[in-house]
Amino acid sequence: MKKLDRDFYLRDSISVARDLIGKILVKGKTSGIIVEAEAYTHYDKASHSYNNKRTSRTEIQFREGGYAYIYMIYGMYFCFNVTCNLKDIPDAVLIRALEPLDGVDLMKARRKTDKIKNLCSGPGKLCAALGINKDDYGEDLCGNKIYILDNEIKNLKIKSSPRINIDYAEEYKDFLWRFYIEDNKFVSKVKA
């Protein structure tokens with residue numbers, strides 16, 4: 001399998017989010033199949049960079065696509081995002097869940113659980129399991145520290161739904177920009 005190249009990321013976040021489903025996220029000795037992802041566009045009221053809001057936290061989104069955008073929620077959980085689109089068009093994709101592949105014992109130790117289904121079934125969980133933290137902010141996904149491998153899964157059934165926990169985003173809260181593998185037990189939350 002080969003790494004996704006820069007061109008993969010130089011597209012809008014909705015296309016990238018859908019196409020990331022089934023690919024493999026790798027960090028160190030751990031990896032997992034991306035089973036759930038959410039798109040955030042530069043014109044989206046749920047996006048951290050909505051209205052071209054440029055801060056030290058969002059700055060990486062304004063580079064060309066293919067970099068790690070890491071931030072903390074609730075003061076305790078990291079979230080891993082993939083930046084997308086062209087320079088100065090700040091789109092991103094939140095990786096919400098993985099199906100664990102490599103380094104499962106290490107993931108269990110990091111998450112302090114033996115329940116494989118619970119290792120990566122949420123954005124904070126997968127970051128803890130893979131050891132992703134603020135030090136990974138801005139990492140080039142075409143490099144060797146964190147990257148995504150192309151992976152062809154035959155007959156992949158991808159569903160879409162509204163994104164999770166963005167009620168503040170007004171009309172954008174109902175857009176079907178969350179993509180996930182149908183009936184995959186590692187998806188964080190099934191939302192009708």
Side-chain angles (χ1 to χ4, degrees), residues 1-40 60 64-70 77-85 91-111 113 115-133 135-160 163-164 177-190:
M1 281 182 272
K2 64 178 181 136
K3 285 181 202 168
L4 298 178
D5 63 15
R6 183 77 59 211
D7 287 341
F8 179 90
Y9 303 107
L10 299 181
R11 302 177 295 139
D12 69 274
S13 59
I14 299 163
S15 299
V16 171
R18 190 178 196 324
D19 292 348
L20 279 171
I21 301 300
K23 305 293 191 258
I24 298 172
L25 175 61
V26 179
K27 181 173 182 210
K29 296 179 180 183
T30 57
S31 71
I33 297 170
I34 298 171
V35 298
E36 182 183 1
E38 292 181 343
Y40 290 85
I60 195 65
E64 65 183 352
Y67 292 88
Y69 171 45
I70 312 291
Y77 304 112
F78 290 104
C79 291
F80 171 77
N81 295 255
V82 172
T83 64
C84 311
N85 224 319
D91 284 5
V93 174
L94 170 65
I95 306 302
R96 284 197 55 87
L98 303 175
E99 181 174 330
L101 282 179
D102 297 309
V104 171
D105 287 338
L106 179 54
M107 290 185 201
K108 286 178 178 178
R110 285 175 173 160
R111 292 266 301 114
T113 183
K115 296 178 182 170
I116 193 164
K117 185 178 172 188
N118 203 24
L119 290 178
C120 300
S121 59
K125 293 175 184 180
L126 75 87
C127 282
L130 271 67
I132 295 172
N133 59 49
D135 295 334
D136 298 309
Y137 177 93
E139 280 296 324
D140 186 347
L141 300 179
C142 297
N144 294 317
K145 188 174 179 189
I146 301 177
Y147 54 90
I148 300 173
L149 296 172
D150 202 354
N151 185 34
E152 181 113 5
I153 299 177
K154 300 223 184 288
N155 303 317
L156 191 62
K157 291 186 179 154
I158 299 174
K159 301 274 289 178
S160 63
R163 295 167 293 174
I164 308 292
W177 290 350
R178 174 178 170 258
F179 302 94
Y180 60 96
I181 299 176
E182 184 177 33
D183 298 327
N184 184 286
K185 68 182 181 180
F186 298 99
V187 169
S188 69
K189 190 174 189 178
V190 176

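Note that the structure is a prediction, hence the values are computed from the model and not measured.
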So how far is it from [X] [atom1] to [Y] [atom2], rounded to the nearest 0.5 Å?
| X | Y | atom1 | atom2 | value |
| --- | --- | --- | --- | --- |
| Leu106 | Thr30 | CG | OG1 | 6.0 Å |
| Leu126 | Phe186 | CG | CZ | 13.0 Å |
| Ile146 | Ser31 | CD1 | OG | 13.0 Å |
| Lys27 | Tyr147 | NZ | OH | 12.0 Å |
| Asn85 | Glu64 | CG | CD | 11.0 Å |
| Lys115 | Ser121 | NZ | OG | 11.0 Å |

If every non-hydrogen atom of [X] is compared with every non-hydrogen atom of [Y], which pair is closest and at what distance?
| X | Y | answer |
| --- | --- | --- |
| Cys142 | Arg6 | SG-N, 3.5 Å |
| Ala17 | Ala37 | O-CB, 4.1 Å |
| Phe80 | Val82 | CE2-CG2, 3.9 Å |
| Glu36 | Ser188 | OE1-N, 2.7 Å |
| Gly131 | Arg110 | N-NH1, 3.4 Å |
| Cys79 | Asn81 | O-ND2, 3.7 Å |

| said: By the definition side chain to side chain contact (heavy atoms under 4.5 Å, CB included), identify the one residue from Asn184, Ile21, Ile153 that meets it with Ile33. | reply: Ile153
| query | For Asn133 and Ile70, what are the C-alpha separation, side-chain angles and deciding distance, and is it a side-chain contact (heavy atoms from CB on, under 4.5 Å)? | reply | CA-CA 7 Å; Asn133 59 49; Ile70 312 291; 5.9 Å; no
| task | Quick one: do Asp19 and Arg11 satisfy side-chain contact (heavy atoms from CB on, under 4.5 Å)? Show the steps, please. | result | CA-CA 11 Å; Asp19 292 348; Arg11 302 177 295 139; 2.8 Å; yes
Within the distance-only criterion (no hydrogens, no angle test), does the side chain of [X] pair as donor or acceptor with the backbone N or O of [Y] below 3.5 angstrom?
| X | Y | value |
| --- | --- | --- |
| Ser13 | Tyr40 | yes |
| Arg178 | Arg163 | no |
| Glu38 | Ile164 | yes |
| Asp91 | Cys84 | no |
| Asp105 | Lys108 | no |

| said: Between Lys23 and Asp150, does any side-chain N to carboxylate O distance fall below 4.0 Å? | reply: yes
| task | Go through the steps to decide whether Asp183 and Lys157 satisfy the test salt bridge (Lys or Arg N to Asp or Glu O under 4.0 Å), and finish with yes or no. | result | CA-CA 9 Å; Asp183 298 327; Lys157 291 186 179 154; over 6 Å; no
Below 4.5 Å, heavy atoms only, C-beta onward: do [X] and [Y] meet side chain to side chain?
| X | Y | result |
| --- | --- | --- |
| Leu4 | Leu141 | no |
| Val35 | Leu98 | no |
| Ile148 | Tyr9 | yes |
| Lys125 | Cys120 | no |

| said: Just to verify, what does Arg18 make a side chain to side chain donor-acceptor pair (under 3.5 Å) with, not counting sequence neighbours? | reply: none
| remark: Residues passing the side chain to side chain donor-acceptor pair (under 3.5 Å) test with Thr83, sequence neighbours excluded, are none
| message | Counting only heavy atoms not in Lys159 (residues, nucleotides, ligands), do more than 12 fall under 6.0 Å from its NZ? | response | no
| task | Please check if atom NZ in Lys29 has more than 12 non-hydrogen atoms from other residues, nucleotides or ligands closer than 6.0 Å. | result | no
